[in-house]
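Working notes, structure below.
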Amino acid sequence: MVRSFDPARLSFRRFAALFAALFLLSLVPLTLTGVLPLVDYPNHLARMDILARLPQAPVLQSYYALAWRPIPDLAMDLLVPPLLRMVPLLLAGKLFVALTFFLLAAGPAALHRALFGRWSAWPCLAFLLLYSRLLLWGFLNYLFGLGLALCALAAWVALAERRPALRLAAGVLFAFALYFAHLMAFGIYAVLVVGFEAGALWRRRAPVGGALRALALTLLPLALPLALFVFGSAGGAGMGGAVRFSPLWRKLDLPFSVFDLYHRPFDVACFVIAVGGLGLAYGRRWLALAPAMAVPLALLFLVYLAMPTQLMTASGVDRRLPLALFLTLIGSSAWVAPLPRREGVYLAAAALLLAVRLGSVALSWQASGREYHAIVAGLETVPIGSRIAVAYPAAAVNVSATPTLHLPVLAAALRQAFVPTLFAYAGQQPVALRPPYRALAAALPPDRLWAGFVGGAGLDAAERAALRRYDYVVFTAPRPFALATASGLAPAFQMPRFQLYRVTAAAAP
């Protein structure tokens, strides 16, 4: 007798084939452009190149210095520079993004396997969430860390009945790996693991002594990285900054960010279909949540409600949690109704939604690739070792279809240039600006340079002196623009949203 196909119970071979097909499909947009159109991504690429080449590059050494410390934000910085010995920079960056996609999809699948003891097509819904607002911002270390956190949680759940010594060793390894990947990913893992163990103790009505031993086994691995953060060299630089909360109603809006890409009406429709479909399946009890994950998810949701939007030096902190909640929910849920055909309809609808969304991303990224190709060609005309000032308006610091905000920083990789907007913040990146150039960057920030030349406000004497220390200026904005004055500047490369000028002797509006 031939058994009917049940997507809730797959052999590993069938699951692996499905996962591989969806993973490869999700990589298609990455092949359509050289530089990925993610806001922070060009800045990350430039830093990877500097980390790899700085010891053998005297020109770069005059501008930048290595600043390795136990920083809790090093996923890309530790993995990509070694790749540059084997592959070009753009390919190495894409390989890191592909690995991030793999972890974000594999984490829910592994968690589902650990909780329910079977492979299923259901956690493959995670592929729908790979392209999110967080990706468009270029928060790659966080996304990598989030995928790793879900994989680590799955391993912790799978080891629940194993020897305490093994769980302790695994817990220490997971905690430190996540700490160095990204601090917030470590925090999400900590919340989920503590919630998982607390829920297990509550269900077992464990005696006080046993409960204390179990909590100690859980908390000790988490305490070690926290001690490193507080007392190590990263803590002092990373614990400053303002704490700012957004209005509580924003918590209702932020979950949409997991579907928010380029076309708002289409993205809203996708979000409503996905949430409505899940709500119907839970309401009809076709879907069920693993009892062991009720407390972890509730705890993570409370953390989301309490989380500020600005914490220490990180912005948009609370907007990073909805993706973690959705991915954890996917991995913690299983189709339990004896309706495999209905589950197949759900999964087929999800596959169609995935294909349409990937098609939308692919078209947008292909168009971005053409514009980026021209801009990169313009940057490559700059002499090696040039000093390039950057000007942009406040509105440029946002997601757009083809962001150009950080494209000037690619000159650091392409032409060994000094670019003051390189991410080189103490306690956040393992690269620093040399003191004279750190002072130069502070003397002429991008918004003042934009106001001086595009807004027509002019520069003061100190700013004019700083400008004369640069060889070029790049002006970039989300929309086409024109300079109000170009006094002291000679056009070198012109596009509607990206303009490169050579600084001449006058160098002042």
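Note that this is a predicted model, so its numbers are computed, not measured.
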Problem set entry | Intermediate values then yes/no, side-chain contact (heavy atoms from CB on, under 4.5 Å), L321 and I188 | CA-CA 8 Å; L321 283 169; I188 289 170; 3.8 Å; yes

Geometric class of the [Y]/[X] ring pair [parallel <30°, tilted 30-60°, perpendicular >60°]:
{"X": "F15", "Y": "F19", "result": "tilted"}
{"X": "F176", "Y": "F180", "result": "parallel"}
{"X": "F229", "Y": "Y179", "result": "perpendicular"}
{"X": "F144", "Y": "F96", "result": "parallel"}
{"X": "W286", "Y": "W335", "result": "tilted"}

Heavy-atom check, side chain of [X] versus side chain of [Y], under 4.5 Å:
{"X": "F259", "Y": "L129", "answer": "yes"}
{"X": "P403", "Y": "L38", "answer": "no"}
{"X": "S360", "Y": "L261", "answer": "no"}
{"X": "L148", "Y": "Y189", "answer": "no"}
{"X": "V39", "Y": "L136", "answer": "no"}
{"X": "L323", "Y": "F139", "answer": "no"}
{"X": "Y262", "Y": "W365", "answer": "yes"}
{"X": "P42", "Y": "V409", "answer": "no"}

Heavy-atom donor-acceptor pair, [X] side chain to [Y] backbone, under 3.5 Å:
{"X": "Y346", "Y": "G277", "answer": "yes"}
{"X": "R285", "Y": "V336", "answer": "no"}
{"X": "T31", "Y": "V28", "answer": "yes"}
{"X": "R244", "Y": "Q310", "answer": "no"}
{"X": "H112", "Y": "S333", "answer": "yes"}
{"X": "R438", "Y": "L433", "answer": "yes"}
{"X": "R162", "Y": "R167", "answer": "no"}

Minimum heavy-atom distance [X]-[Y], with the two atoms named:
{"X": "L104", "Y": "P108", "result": "O-CD, 3.0 Å"}
{"X": "A126", "Y": "A105", "result": "CB-CA, 4.1 Å"}
{"X": "A413", "Y": "A46", "result": "CB-CA, 4.3 Å"}
{"X": "A324", "Y": "T328", "result": "O-OG1, 2.7 Å"}
{"X": "L347", "Y": "A121", "result": "CD1-CB, 3.6 Å"}
{"X": "V295", "Y": "G195", "result": "CG1-O, 3.4 Å"}

Nearest 0.5 Å, please: how far is [atom2] in [Y] from [atom1] in [X]?
{"X": "R319", "Y": "K251", "atom1": "CZ", "atom2": "NZ", "answer": "10.0 Å"}
{"X": "W137", "Y": "S132", "atom1": "CH2", "atom2": "OG", "answer": "12.5 Å"}
{"X": "N43", "Y": "F423", "atom1": "CG", "atom2": "CZ", "answer": "4.0 Å"}
{"X": "L143", "Y": "L103", "atom1": "CG", "atom2": "CG", "answer": "10.5 Å"}
{"X": "F116", "Y": "R9", "atom1": "CZ", "atom2": "CZ", "answer": "10.5 Å"}
{"X": "S332", "Y": "L111", "atom1": "OG", "atom2": "CG", "answer": "4.5 Å"}

Problem set entry | Pairs touching residues 173-189 that satisfy salt bridge (charged side-chain N to carboxylate O under 4.0 Å, His left out), sequence neighbours left out |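 For residues 173-189, and leaving out neighbouring residues, there are no salt bridge (charged side-chain N to carboxylate O under 4.0 Å, His left out) pairs at all.
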
Exercise. Which residues pass the side-chain contact (heavy atoms from CB on, under 4.5 Å) test with H373, sequence neighbours left out?
Worked result: none

Problem set entry | Ion pair D267/R264, N-O distance below 4.0 Å |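 Looking at D267 and R264, the cut-off is not met.
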
Problem set entry | Member of H44, R47, Q429 meeting the side chain to side chain donor-acceptor pair (under 3.5 Å) criterion with D77 | R47

Exercise. For T404 and Y392, does a side-chain donor sit closer than 3.5 Å to a side-chain acceptor?
Worked result: no

Is it the case that more than 12 heavy atoms not belonging to [X] sit under 6.0 Å from its [atom1] atom?
{"X": "R203", "atom1": "CZ", "result": "yes"}
{"X": "F301", "atom1": "CZ", "result": "no"}
{"X": "F102", "atom1": "CZ", "result": "no"}

Problem set entry | Geometric cation-pi criterion, R357 with Y131: 6.0 Å, 45° |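 Pair R357/Y131 does not count as cation-pi.
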
For this session: Would you mind telling me which of L99, N141, L51, T100 makes a side chain to side chain contact (heavy atoms under 4.5 Å, CB included) with M76?
Result: N141

For this session: Begin with the C-alpha distance, continue with both residues' side-chain angles, and end with the deciding distance and a verdict on side-chain contact (heavy atoms from CB on, under 4.5 Å) for L287 and W122.
Result: CA-CA 10 Å; L287 271 177; W122 189 257; 3.2 Å; yes

Problem set entry | side-chain contact (heavy atoms from CB on, under 4.5 Å) between I50 and Y63, intermediate numbers included | CA-CA 10 Å; I50 291 170; Y63 300 137; over 6 Å; no

Exercise. K94: what forms a salt bridge (charged side-chain N to carboxylate O under 4.0 Å, His left out) with it, not counting sequence neighbours?
Worked result: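 Counting only residues at least two positions away or on another chain, K94 forms no salt bridge (charged side-chain N to carboxylate O under 4.0 Å, His left out).
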
For this session: Report the C-alpha separation of L289 and L329 in whole Å, then their side-chain angles, then the decisive distance to 0.1 Å, and conclude whether the side-chain contact (heavy atoms from CB on, under 4.5 Å) test is met.
Result: CA-CA 8 Å; L289 181 70; L329 180 63; 4.0 Å; yes

